[in-house]
Amino acid sequence: MQLRYYILRRVLLIIPVLVGLSIVTFTVARLVPGDPVKLAAGPRASPEEIQRLREEFGLDKPLVVQYLEYMRGVLQGDLGRSLMNGHPVTTDLRRYFPATLELVLVSMAIAVLLGIPGAVIAAVYRDRWPDQVSRVLALGSISMPIFWLAIMLQLIFAQHLRVLPVSGRFDARAPYPETITGLLTLDTLLQGDWTSFRIALRHLLLPAICQSLLALALTTRFLRSDILDVLQRDFVRMARANGIPERIILFKYVLKNAMIATVSMLGFLFGYSLGGSVLIETVFDWPGIGLYAMNSALTLDFQPIMGITLFVGLLFTLVNLGTDLFYGVLDPRIRYGR
Amino acid sequence: MDTHMALEPPKGWLARWLEENQSWLEEWRRGIHRFRRSRLSVIGLVMVLLLVLVAITGSWWVPYPEDATGALHISERFQPPSLAHPFGTDEVGRDVFSRVVLGTRISFQVGAIILIVAITIGVTLGGIAGYFGGWANEIIMRITDIMLTFPGIFLALAITAALGPGVRNAMLALSITWWPGYARLVQAQVLSAREEDYVESARAIGAGHTRILFRHILPNLLSAIIVKASMDIGFAILNLAALGFIGVGAQQPTPEWGAMVAFGRRFLPHYWWYSTFPGLAMFFTVFGFNMLGDGLRDVLDPQSRHGA
């Protein structure tokens with residue numbers, strides 16, 4: 001019962017956050033100097049053409065009216081149209097989002113699959129060389145200019161060794177697979193199309209490695225220090241005194257207790273990454289939200305900017321809510337009161 | 001004043017100062033000891049000091065200082081690394097080594113300015129929100145939350161796109177997106193410090209709000225702010241480079257690392273040195289700062305041993 005109220009309250013709290021976000025974005029997008037209509041119309045457009053375009057998009061009305069009209073559309077699921085290509089923003093989002101989602105999911109999987117064992121090893125060998133190596137690697141990963149690493153990986157694996165494709169999501173020469181979810185690796189698997197699956201996976205590999213680096217580094221170091229904290233607790237001493245094997249203590253009891261901060265951090269990072277990585281998507285020509293956002297921002301194309309911000313903001317708050325609820329699974333003592 | 005004090009021979013100011021600050025000095029001594037025990041932090045400190053030296057003196061000793069300001073030597077273009085050009089030359093024959101060295105100063109300056117602006121705004125707003133609470137707190141912290149939800153680089157992109165590309169606008173955009181982290185940190189700390197006895201005593205002897213906030217509470221938060229700043233400066237440098245890489249940051253011929261990587265990328269895989277060396281410089285700079293920050297955290301903020 002309490003849980004239901006908690007969820008309801010959190011969902012209702014999303015509304016003011018999104019309204020605030022939309023006002024901030026609207027203000028920033030509209031008050032900056034520079035005329036998006038002139039940019040969209042091109043250098044040779046006549047003043048009449050520019051005026052016509054301005055009226056077509058309702059950009060000649062007062063700002064408050066524009067904002068209210070925009071928000072009325074949003075409530076009906078209409079995020080407006082792009083000034084640049086004329087597409088409805090929802091269509092574009094539907095096209096670009098799956099690519100980002102696939103990249104982020106796979107990179108999170110890499111971070112979890114390598115990060116948890118990495119953290120356990122670092123904690124077990126505390127302050128000895130495996131721990132030091134993991135510390136240097138983690139610090140090195142967060143210090144890496146990600147766009148430069150991406151270029152270097154391309155240079156080595158795609159251009160020098162020629163074992164992986166340079167960029168893009170799929171091979172232009174192969175027939176593009178039928179999409180169900182939009183996640184190409186998942187779609188090809190569902191259809192049992194192994195050749196296409198391999199092509200999609202090979203394209204995904206380098207961007208996913210770059211994208212996973214931060215989450216991997218943070219998981220390894222956060223979890224390590226939490227494992228060390230939990231190892232100090234009385235129940236661990238008790239379990240050891242009772243002769244329970246160290247392996248079972250570590251993996252069955254300690255890990256579960258140490259995971260909470262890491263889960264919250266990964267949840268935050270997951271929600272944040274769904275906004276797309278401008279840098280990784282640029283270098284690998286990955287047709288995701290980040291690339292779409294960058295092109296919209298650079299051309300001051302304001303309907304997509306608003307649409308992306310609201311969409312990403314909504315996802316971010318929902319993912320955070322999901323993370324908070326997941327605590328209850330890890331630690332049943334957690335009660336969702338206030 | 002004690003009356004018998006006057007009978008003793010007067011102590012030198014140094015001895016008096018040492019005596020008065022004994023506990024505090026002791027804490028510092030222990031901190032420095034902890035710092036020196038961690039080899040990584042010492043390496044980080046040495047790297048940062050070296051790079052600061054390079055940033056300050058670089059323009060005096062680089063072999064081709066004119067290459068940062070638009071010199072062209074077309075006949076020398078795309079020379080591979082050699083003794084004359086340790087990092088090779090670029091598409092108009094400029095010495096990549098000179099440009100990478102001169103880029104150090106730009107990165108350091110911009111990183112420092114971004115943090116100074118962000119800390120000034122963040123500490124002021126966070127301090128007001130935490131100290132006064134109520135409506136001020138609600139309004140400031142809701143704005144902070146919204147700013148934190150917003151992917152910083154995206155806002156920075158929009159701002160630089162609107163104001164026009166260039167180092168100054170990129171710096172402005174990053175400063176605007178950087179303060180909420182500090183507001184958050186300071187607000188939470190001030191909120192709890194407000195209830196402490198020393199604040200209560202200051203209030204009891206009649207200190208005003210400004211005095212309590214700036215003279216009594218904020219100095220206690222200094223170490224937390226320094227720790228965050230030392231970890232942030234590397235990321236500020238990376239973000240500036242990212243904007244330069246996308247093309248909205250530094251413009252030619254400014255020797256900025258991110259822009260250099262972007263230009264060099266067009267000539268890959270053949271002329272690999274052009275993109276590789278500016279990136280390496282960036283990596284080592286940020287790595288140095290992060291190792292230093294990691295050590296500083298152990299010294300100044302021993303309770304939080306989280307993270308890398």
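Every chain is numbered from 1 and lettered A, B, ... according to where its sequence line falls, protein lines coming before strand lines. The structure presented is a predicted model; accordingly, all values stated were derived computationally and were not measured.
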Approximate separation, where rounding is to 0.5 Å, of Y271(B) OH and D90(B) CG: 12.0 Å

Residue among S275(B), G247(B), G234(B) with most heavy-atom pairs under 4.5 Å to chain A: S275(B)

T282(A), V283(A), T219(A): which one forms the most heavy-atom pairs within less than 4.5 Å of chain B? V283(A)

For residues T100(A) and E281(A), is any side-chain donor paired with an opposing acceptor at under 3.5 Å? yes

Identify which part of M294(A) has an atom lying under 4.5 Å from any heavy atom of chain B, answering side chain, backbone, both or neither. both

Answer yes if the side chains of N239(B) and W178(B) hold a donor-acceptor pair under 3.5 Å, and no otherwise. no

I'd like to know which of G313(A), P145(A), S296(A) tops the heavy-atom pair count under 4.5 Å against chain B. P145(A)

Indicate whether the side chain of S22(A) and that of Y67(A) have a donor and an acceptor atom separated by less than 3.5 Å. yes

Ring centres of F87(B) and Y274(B) under 6.0 Å apart? no

Proximal component of L280(B), with respect to chain A [non-hydrogen, under 4.5 Å]: both

Heavy-atom distances under 4.5 Å only: say whether M152(A) touches chain B with side chain, backbone, both or neither. side chain

Residue, of P16(A), G140(A), S141(A), G271(A), that accumulates the most heavy atom pairs under 4.5 Å with chain B: G140(A)

Report which part of T276(B) has an atom under 4.5 Å of a heavy atom belonging to chain A: side chain, backbone, both, or neither. both

Please flag which part of F235(B) lies under 4.5 Å from any non-hydrogen atom of chain A: side chain, backbone, both or neither. side chain

Please work out which of the three classes, parallel, tilted or perpendicular, describes the rings of Y292(A) and Y96(A), given edges at 30° and 60°. parallel

Determine whether the side chains of R297(B) and S230(B) contain a donor N or O and an acceptor N or O closer than 3.5 Å. no

